[in-house]
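Below, all heavy atoms of this structure are taken into account, side chains as well, without hydrogens, waters or symmetry copies.
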Amino acid sequence: MHDLVLLTFENEDFIRCISLDDALAKAISHKETEGRIRVEVTPAGGGRMTVLDFDRSSLDWIPVTSTDGNHS
C-alpha cells in the first residue's frame, strides 16, 4: 500500500499523485494558476496527515502553519 498524496487547488480541483515528487512536478506545471496549491499526504499505515503549500518563489513545498491547530 502507498501513501495517499492529493494535490489540491484553490478552486477545489484535485489530482491524486503517486508521490510527493510527482505532486511537486504537477504543482510546478500549474504554477501560473491563481490561488493556493496544497498537497496532503496521508501515510499508508495511518497516522498524522502532512499538509504543505506550494511556494511559487522557491518552487518547493512549505509547511502549513496555523496558530489554532487547524489547517488553513
task = Verify side chain to side chain contact (heavy atoms under 4.5 Å, CB included) between Lys31 and Leu59, making sure each step is shown before the conclusion.
result = CA-CA 8 Å; Lys31 69 182 179 187; Leu59 299 179; 3.8 Å; yes
task = Using the side chain to side chain contact (heavy atoms under 4.5 Å, CB included) rule, pick out the option among Asp22, Leu4, Leu7 that qualifies with Arg16.
result = Leu4
request  = Check whether any side-chain N or O of Asn11 sits under 3.5 Å from a backbone N or O of Asp13 as a donor-acceptor pair, and report yes or no.
outcome  = yes
task = Nearest 0.5 Å please: distance from the CG atom of Leu20 over to the CG atom of Leu52.
result = 6.5 Å
Joint cluster assignment, Phe54 & Ile15, ILVMFWY side-chain distance < 4.5 Å = yes
message = Could you report the tightest heavy-atom contact between Arg56 and Glu34, atom names first, then the distance?
response = NH2-C, 4.2 Å
task = Determine the minimum heavy-atom distance between Ala23 and Val39, stating which atoms define it.
result = CB-CG2, 3.9 Å
Intermediate values then yes/no, side chain to side chain contact (heavy atoms under 4.5 Å, CB included), Asp53 and Ile62 = CA-CA 5 Å; Asp53 281 337; Ile62 57 172; 4.1 Å; yes
key: Heavy-atom pair of closest approach, residues Glu10 and Gly35   = CB-CA, 3.6 Å
request  = Establish whether Leu24 and Met49 are linked, either directly or via other cluster members, by ILVMFWY side-chain heavy-atom contacts under 4.5 Å.
outcome  = no
key: Minimum heavy-atom distance between Ala27 and Trp61, given as atom pair plus value   = CB-CH2, 3.8 Å
query = Could you go step by step and tell me if Lys26 and Ile37 meet the side chain to side chain contact (heavy atoms under 4.5 Å, CB included) rule?
reply = CA-CA 10 Å; Lys26 287 179 170 83; Ile37 301 174; over 6 Å; no
Chi angles and distances behind the side chain to side chain contact (heavy atoms under 4.5 Å, CB included) call for Ile18, Val5 = CA-CA 7 Å; Ile18 59 172; Val5 181; over 6 Å; no
query = In terms of the angle between their ring planes, are His30 and Phe9 parallel, tilted or perpendicular, with boundaries placed at 30° and 60°?
reply = tilted
